[in-house]
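These notes concern the structure reproduced below.
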Amino acid sequence: MSASLTRAEEVDWYVTQVRDALATVPEHLRDDLLDDLPTHLAEVAASSADSLESQLGPPDAYAAELCSSAGVERVRSGVLHQWLTWLDSRVGRWLGYHRFTELLIALTPAWWIARGALIGIVGTFGLSMPDPIVRLAALIGAVVSVRVGRATPRFPTWGRVLVVAVNVALAILLVRFGLYYSSEEMWLPL
Amino acid sequence: METTQLLKGVLDLAVLAVLRDDDGYGYDILRRLRAAGLDEVGDASVYGTLRRLYRAGCLTTYFVESPEGPQRKYYALTTAGRTQLDNSQRAWGRFAAAMGELLDDKEAVDVR
């Protein structure tokens with residue numbers, strides 16, 4: 001990104017990115033936090049030939065650290081968000097967690113395995129392959145899915161959107177599978 | 001516990017201490033902190049702390065004309081800031097002594 005920009009343009013770019021990351025912060029606080037930034041970035045830029053991002057980290061991480069050390073809340077506290085947060089801890093506590101999202105995060109690898117296995121099974125079973133092939137496909141699918149899952153945070157935005165779309169489609173498929181097979185009392189050849 | 005965890009709790013004290021004898025501007029304060037050995041402290045953490053201390057009334061700012069470029073914003077301790085520094089330093093001394101006791105390591109107690 002920064003190779004094609006002059007240092008001044010890079011500083012402006014970084015400041016804009018940090019400002020955008022602080023969009024939900026009240027304006028007077030945001031201006032206060034950003035007040036020192038351009039001068040600081042200019043000095044950082046002057047101190048080394050490396051890009052700002054390599055010296056300071058990505059702008060949104062910088063913004064997060066700035067807010068956390070300044071004691072400023074970043075999240076917009078609308079009514080819906082507050083209610084969801086309350087629901088998150090309520091349901092979480094029923095299950096023995098501080099928040100429900102903690103459980104969801106803990107289940108992420110299990111989901112990766114399930115979705116990968118499902119793709120493998122659907123692909124091969126749908127093509128009427130013999131059982132050992134289906135099982136192998138499930139295994140390979142699971143392994144690939146875990147690798148993808150670990151790498152997803154580094155994907156560009158369109159990549160992450162694609163992954164979410166695939167996840168949703170597979171979740172729907174999984175639910176339909178579950179309903180169909182449990183009602184017909186048929187079990188997958190595993 | 002890594003240094004970053006320990007740092008979060010004492011960055012206020014570190015920043016106030018840096019400004020005890022000499023006022024400083026942002027980048028200069030960062031440099032002094034790192035020169036003292038706190039090289040893992042993040043830029044954003046220091047600036048965020050400066051703004052929080054400023055809003056809490058522990059720091060004041062003034063501008064100084066700089067020959068090389070735009071004016072620099074300097075931070076200085078207020079009276080309240082000095083009081084905070086003294087209190088925090090005493091608290092730190094007690095805390096370090098207690099940790100020294102727990103760790104049975106007399107070297108950890110040498111804080112002035």
Side-chain angles (χ1 to χ4, degrees), chain A residues 2 6-8 10-75, chain B residues 2-16 18-19 23-35 38-76 84:
Chain A
S2 51
T6 64
R7 280 314 232 183
E10 194 190 353
V11 167
D12 287 341
W13 170 79
Y14 203 94
V15 170
T16 311
Q17 293 294 306
V18 172
R19 183 190 305 275
D20 288 347
L22 298 178
T24 55
V25 173
E27 192 174 336
H28 67 283
L29 277 176
R30 183 171 68 236
D31 290 340
D32 185 76
L33 289 176
L34 293 170
D35 192 43
D36 292 327
L37 190 60
T39 318
H40 173 230
L41 293 182
E43 304 207 303
V44 170
S47 72
S48 155
D50 296 333
S51 73
L52 284 179
E53 193 154 350
S54 64
Q55 290 189 69
L56 295 171
D60 55 285
Y62 190 96
E65 198 184 326
L66 188 59
C67 281
S68 122
S69 61
V72 170
E73 279 289 313
R74 264 216 291 184
V75 199
Chain B
E2 356 160 330
T3 319
T4 33
Q5 287 276 50
L6 290 164
L7 258 180
K8 280 188 191 329
V10 298
L11 198 47
D12 285 22
L13 175 56
V15 167
L16 291 170
V18 157
L19 293 171
D23 303 344
Y25 61 94
Y27 199 64
D28 177 39
I29 294 170
L30 251 175
R31 255 202 313 254
R32 289 194 234 164
L33 286 168
R34 295 206 176 120
L38 298 178
D39 36 4
E40 285 183 45
V41 69
D43 296 41
S45 293
V46 173
Y47 277 90
T49 304
L50 284 169
R51 295 319 299 169
R52 184 161 43 80
L53 290 171
Y54 176 81
R55 280 186 287 119
C58 294
L59 298 177
T60 181
T61 58
Y62 58 91
F63 286 91
V64 171
E65 296 298 326
S66 163
E68 308 95 60
Q71 44 179 227
R72 280 209 171 108
K73 183 203 287 184
Y74 276 75
Y75 285 89
Q84 167 101 327

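Protein chains get the first letters and strands the later ones, always in sequence-line order, with residue 1 at the start of each.
In this structure, CZ in B:R51 is found 8.0 Å from CG in A:L33, a value given to the nearest 0.5 Å.
The side chain to side chain donor-acceptor pair (under 3.5 Å) check on B:R34 picks up B:D43, with sequence neighbours excluded.
Taking all atoms of both residues into account, the shortest heavy-atom contact from B:A44 to A:S69 is O-OG, 3.3 Å.
With a 4.5 Å cut-off on non-hydrogen atoms, A:L29 touches chain B through its side chain but not through its backbone. Proximity to chain A (any heavy atom under 4.5 Å) is restricted, for B:L30, to the side chain, taken from C-beta onward.
Around CZ of A:R19, the count of heavy atoms belonging to other residues, nucleotides or ligands within 6.0 Å does not exceed 12. Around the CD atom of A:E73, the shell of radius 6.0 Å holds no more than 12 heavy atoms that belong to other residues, nucleotides or ligands.
At a threshold of 4.5 Å between non-hydrogen side-chain atoms, the residues A:V72 and B:R55 count as touching.
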side-chain contact (heavy atoms from CB on, under 4.5 Å), that's the test. Do B:K73 and A:D36 meet it? Break it down for me. CA-CA 8 Å; B:K73 183 203 287 184; A:D36 292 327; 2.9 Å; yes
Would A:V44 and B:Y27 count as a side-chain contact (heavy atoms from CB on, under 4.5 Å) if you check the C-alpha gap in whole Å, the side-chain angles of each, and the deciding distance to 0.1 Å? CA-CA 8 Å; A:V44 170; B:Y27 199 64; 3.9 Å; yes
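For a heavy-atom cut-off of 4.5 Å, chain B lies close to A:Y62, A:E65, A:L66 in residues 57-68 of chain A.
Counting only N and O atoms by type, the side chains of A:D35 and B:Y54 include no donor and acceptor under 3.5 Å apart.
The existence of a salt bridge linking B:R31 and A:E43 is excluded, since no basic side-chain nitrogen approaches an acidic carboxylate oxygen closer than 4.0 Å.
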